Every structure is written in structure tokens, then in C-alpha cells.
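Quick notes on the structure that follows.
The first residue of the sequence shown is numbered 1, and numbering continues consecutively from there. For the numbers below, each heavy atom of this structure counts, side chains included, while hydrogens, waters and symmetry mates do not. Every value quoted in this text rests on a predicted model; they were computed, and no experiment measured them.
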Amino acid sequence: MELKKSGMVALLGRPNVGKSTLMNKLVGEKVAIVTDKPQTTRRRLCAVATHGESQIVLVDTPGFHKPRSRLGEYMTRVTHESVAGVDAALLVVEPEPRVGKPEALLIERLRAEKVPVFLIVNKIDTVAQKDLLLPVIAAYRAVYDFAEIFPVSAKLGDGVSDLRA
């Protein structure tokens, strides 16, 4: 089969929102370490996901946060640098109906890059009633015009096939 489409996609978000878990689901195997411990991903990690005639280089980034150490500063710099040169970005957030400061800063960075940004509302398995996702989506739509919005549970795989397609 000949590839007809390819591109690089950065996964961005604060620590422990499920970026590495989502990357593993999209690739179809465990390529990134997943733990409950924040800041497990300390460097850019790249993996290739092939779907039909398309191939995507996924770039998993450290969680974006306010740095409190040299390591934190390095990780924040890695996240910022990872946005440069990608074809699209996935902003991964938890189902909370507000845009936090880390997300707002990432959105500003993405706005400057002028790439398509997909909002990924992860951990929907933790929401008892799915209509509670509507205020989350509304809060993010109010601050940015996302290419598309996908509610997913990277852990369980819910919604991941829609995102992949």
C-alpha cells in the first residue's frame, strides 16, 4: 500500500491529562511510559501511527506547567519547541469547564504557529453524565476556534477511532 498522506502532530497539555496514553492508543501499542506520577514524560517522544493510506508522526511532549526548577524550565522549553514545524496539534485537556492558565498559554503559542488545533477532552469515562461535557466544550470554544473537538477516553479507547479517522 502506498502512503498518500503524512504529517507531524504534537500532543500538548498539562501533566497527567493523558497525552502518553492517547499516543499509545493511536499507535496501537505501548511506546510511551504511562504512570500516575506527574512529569514522567521529560523529553519529546516520537512514534509513528499508520492508518490506511496515512502515516502520522506523533510527538508526545512533557506536561506544560509553571516551572519550579531547571528540569521544569527544560520541559517547558521542550513543549514550546515541539510546536514549531508540526502540521497539527492535539490540545489534550481534562473534562473541567474552565480554561486554565497552562491551557491558555498553550493556546496562545498555537495561535502564533497557525496550525490546525484539535481539542481532545480526555477522561470522559470519569464523567457520570455526558451532557456535563457541554460546558467544557463551550469554555474552550469561547477562547479558540478549534479545527475539531473530540471527547475521548484514551484509557478505555472510547472516541479514539473517531479521532484517528
Tyr140: what forms a ring pair (Phe, Tyr, Trp, His ring centres under 6.0 Å) with it, not counting sequence neighbours?
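Residues passing ring pair (Phe, Tyr, Trp, His ring centres under 6.0 Å) with Tyr140: none at all.
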
Residues that Tyr144 engages under ring pair (Phe, Tyr, Trp, His ring centres under 6.0 Å), provided they are two or more places apart
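Result, ring pair (Phe, Tyr, Trp, His ring centres under 6.0 Å) vs Tyr144: Phe146.
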
Can you measure from [atom1] ([X]) to [atom2] ([Y]) and round to the nearest 0.5 angstrom?
X	Y	atom1	atom2	result
Gln55	Thr50	CD	OG1	4.0 Å
Met23	Glu29	CE	CD	10.5 Å
Arg14	Leu105	CZ	CG	10.5 Å
Lys19	Leu91	NZ	CG	9.5 Å

Report, one line per pair, each donor and acceptor closer than 3.5 Å where one atom sits in a side chain of residues 121-130; sequence neighbours left out.
from	atom 1	to	atom 2	distance (Å)
Asn122	OD1	Ala154	N	2.9
Asn122	ND2	Val17	O	2.8
Lys123	NZ	Asn16	O	2.6
Lys123	NZ	Glu94	OE2	2.7
Asp125	OD1	Ser153	OG	2.8
Thr126	OG1	Lys123	O	2.6
Lys130	NZ	Ile124	O	2.7
Lys130	NZ	Val127	O	3.2

Applying ring-ring contact (aromatic ring centres under 6.0 Å, His included) as the test, list every pair that has at least one member in residues 113-135; sequence neighbours left out.
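Matches after skipping sequence neighbours: none remain.
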
Name all residues meeting the side chain to side chain donor-acceptor pair (under 3.5 Å) criterion together with Glu148; count only those two or more places apart in sequence or in a different chain, and write none if there are none.
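Side chain to side chain donor-acceptor pair (under 3.5 Å) list for Glu148, sorted by chain: empty.
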
Sequence neighbours left out, what passes side chain to side chain donor-acceptor pair (under 3.5 Å) with Arg111? Give chain and number order.
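Listed in chain order: Glu108.
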
Check whether Thr61 reaches the backbone of Leu11 with its side chain - one donor and one acceptor, N or O, closer than 3.5 Å.
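Such a contact is found between Thr61 side chain and Leu11 backbone.
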
Does atom CG of Asp145 have more than 12 heavy-atom neighbours from other groups under 6.0 Å away?
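No, CG of Asp145 has 12 or fewer neighbouring heavy atoms, counting only those of other groups under 6.0 Å.
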
Using every non-hydrogen atom in the two residues, find where Val27 and Ala47 come nearest and quote the distance to one decimal.
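Minimum heavy-atom contact is CG2-CB, 3.8 Å.
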
May I ask you to test the Ile149-Arg141 pair for a side-chain heavy-atom distance under 4.5 Å?
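A side-chain contact exists here, since the closest heavy-atom pair is under 4.5 Å.
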
In chain order, what residues pass the side chain to side chain contact (heavy atoms under 4.5 Å, CB included) check against Pro97, with sequence neighbours excluded?
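With sequence neighbours excluded, Pro97 shows a side chain to side chain contact (heavy atoms under 4.5 Å, CB included) to Pro135, Val136, given in chain and number order.
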
With sequence neighbours excluded, residues passing side chain to side chain contact (heavy atoms under 4.5 Å, CB included) with Leu26
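For Leu26 the side chain to side chain contact (heavy atoms under 4.5 Å, CB included) partners, ignoring immediate neighbours, are Leu22, Leu58, Leu90, Val160, Leu163, Arg164.
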
Do Val152 and Leu134 share a hydrophobic cluster (ILVMFWY, side-chain heavy atoms under 4.5 Å, transitive)?
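Cluster IDs for Val152 and Leu134 differ.
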
Applying a strict under-4.5 Å side-chain criterion to I, L, V, M, F, W and Y, I'd like to know whether Leu156 and Phe150 cluster together.
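No, because Leu156 and Phe150 fall into different hydrophobic clusters, even though each may have its own neighbours under 4.5 Å.
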
Side chain to side chain contact (heavy atoms under 4.5 Å, CB included) for Ile56 and His51? Distances and angles first, verdict last.
CA-CA 8 Å; Ile56 301 169; His51 182 68; over 6 Å; no

